[in-house]
2 protein chains.
Amino acid sequence: MRLTTKGRYAVTAMLDLTIHCDDKPVSLADISQRQSISLSYLEQLFSRLRQSELVTSVRGPGGGYRLSRSSDSIYIAQVIDAVNESVDTTNCKGKGDCQGGEICLTHSLWDQLSQEIHSFLNAISLADLVARRDVKSIAQRQVEQLLILNESPQAGAC
Amino acid sequence: MRLTTKGRYAVTAMLDLTIHCDDKPVSLADISQRQSISLSYLEQLFSRLRQSELVTSVRGPGGGYRLSRSSDSIYIAQVIDAVNESVDTTNCKGKGDCQGGEICLTHSLWDQLSQEIHSFLNAISLADLVARRDVKSIAQRQVEQLLILNESPQAGAC
DNA sequence: ACTTACTTGACTAAAATAGTCGGGTATTGG
DNA sequence: CCAATACCCGACTATTTTAGTCAAGTAAGT
């Protein structure tokens, strides 16, 4: 099982994309500023997200990324899977050959835990997260901080 | 969040201890053979398990380890915590200072997931695992394999 | 005494994480 | 056309963690 900054960044970036998407695609530079994630690292993550067909890209000036489908049909588990191999907690990737070809003593426990985590993350969509009150207020704070930082009022398109 | 071989080994070893404990303490050498875990590595893990007061040790010949209390009052979450810092999935360890002192966009999600995993692992005791049918049959297989392995050396040795 | 078995700490190879860097390529507004 | 924008891609790297090994103890039973 791996659940580290990589997966967290991916979900955070996808959520940012969901919040700040109206008609124009969202550039990685914007996400980088709002979410304090390095631009180069974001590029790496979005390469995987695009390969998994969770986002589509638009090149050139004014370009950026869009969700490839509605935010209520993109689930957190899919985002994590895209960048973070899996949420499997078994050693044998569910195959049951954990102890020299045979199943190990605790295999069923880890198998059960993996299913538990997967169903939890697969039941929450990006749309669900956007609807949360705390997410809304944090997103607003981030936009305001960015405006102060940039000083020049950048025509709040959203 | 970390859930790797270290935590799995710890739970497996504790389960082995639960199964093979009658009156005499269980030596790490026995666990090492049955569960195919390196003896030196087990020593490292049991050092942590002892510090967390999950096991007690008996030194000298015939010595080994015992559960410090009944197997129905030792929970999987405690074993993992003992060797594997925590099952927390947030970046800020629940503090909420994930984005430069402020809370990050996805904090509540990871916080919720952490609680989910913790309650799952905290609801299963070693006694619960021992009672499982698959665990019983795997344990029996391991004992039989060990008997075969230990009886053979008389043939070609010396 | 001798052996067994726990105890401790230092050390290490390999892998993963969390990035950086430098060059591409497509697109578009002027 | 052209230069700026922003995605695209692969190689590189420092740091941390994992999954151990090794050596030198200490305590206790026969």
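Chain identifiers are assigned alphabetically (A, B, ...) following the order of the sequence lines, protein sequences preceding nucleic acid strands; residue numbering begins at 1 within each chain. All values below come from the heavy atoms of this structure, side chains included, with hydrogens, waters and symmetry mates left out.
Nucleic acid contact for A:Phe46: none, since no nucleic acid atom lies under 4.0 Å from a heavy atom of the residue. Using a 4.0 Å heavy-atom criterion, one finds that A:Tyr65 contacts the sugar-phosphate atoms exclusively. Within the 4.0 angstrom heavy-atom criterion, only backbone atoms of the sugar-phosphate kind lie near A:Thr5; the bases stay farther away.
The phosphate of C:dA18 (OP1 or OP2) has a side-chain N or O of A:Thr4 nearer than 4.0 angstrom. For the pair B:Arg50 and C:dT8, the criterion of a side-chain N or O lying under 4.0 Å from OP1 or OP2 is met.
Nearest-nucleotide assignment on DNA chain C puts the 5′-proximal partner with B:Gly63, out of B:Gly63 and A:Ser40. The residue among B:Val26 and A:Arg59 whose nearest nucleotide of DNA chain C lies closer to the 5′ end is B:Val26. Residues A:Gly60 and A:Gln51 both approach DNA chain D. Their nearest nucleotides, taken by heavy-atom distance, put A:Gly60 toward the 5′ side.
The separation between B:Leu39 atom CG and D:dA19 atom P is 18 Å, rounded to whole Å. Distance, B:Asn91 CG to C:dA18 P: 8 Å, rounded to whole Å. Between the NZ atom of B:Lys6 and the C1' atom of C:dA14 there is a distance of 15 Å, given to the nearest Å. Rounded to a whole Å, the CG atom of A:Leu42 is 10 Å from the P atom of C:dT20. Rounding to whole angstrom units, CG of residue A:Leu45 and P of D:dC7 are separated by 13 Å. The CZ atom of B:Arg48 sits 17 Å away from the C1' atom of C:dC6 (whole-angstrom rounding). For the pair B:Ile31 CD1 and C:dA5 P, the interatomic distance rounds to 12 Å; values are reported in whole Å. The separation between B:Lys24 atom NZ and C:dA5 atom C1' is 15 Å, rounded to whole Å.
Considering only the side chain of B:Glu43, C:dC6 comes nearest among C:dC6, C:dG19, D:dA19. Nearest to the side chain of B:Tyr41, among D:dC8, D:dG20, C:dA18, sits D:dG20. Set against C:dT17, D:dA6, D:dA11, the side chain of A:Gln44 has D:dA11 as its closest nucleotide. Side-chain proximity of B:Pro61 to C:dT28, D:dG20, D:dG29: nearest is D:dG29. Considering only side-chain atoms of B:Ser57, the nucleotide from D:dG29, D:dC22, C:dC6 that sits closest is C:dC6. Nearest nucleotide to the side chain of B:Ser38, out of D:dG29, D:dT21, C:dC6: D:dT21.
A:Asn91 is listed as a side-chain neighbour of B:Arg8, based on a closest heavy-atom distance under 4.5 Å. At a threshold of 4.5 Å between non-hydrogen side-chain atoms, the residues B:Leu54 and B:Gln78 count as touching.
Within a 6.0 Å radius of CD in B:Glu43, other residues, nucleotides and ligands contribute more than 12 heavy atoms. Open room surrounds CD on B:Gln140; 12 or fewer heavy atoms of other groups in view lie less than 6.0 Å from it.
B:Leu129 and B:Phe120 end up in the same hydrophobic cluster when Ile, Leu, Val, Met, Phe, Trp and Tyr side chains are linked at under 4.5 Å.
The aromatic rings of A:Tyr65 and A:Phe46 are tilted relative to each other, their planes meeting at an angle between 30° and 60°.
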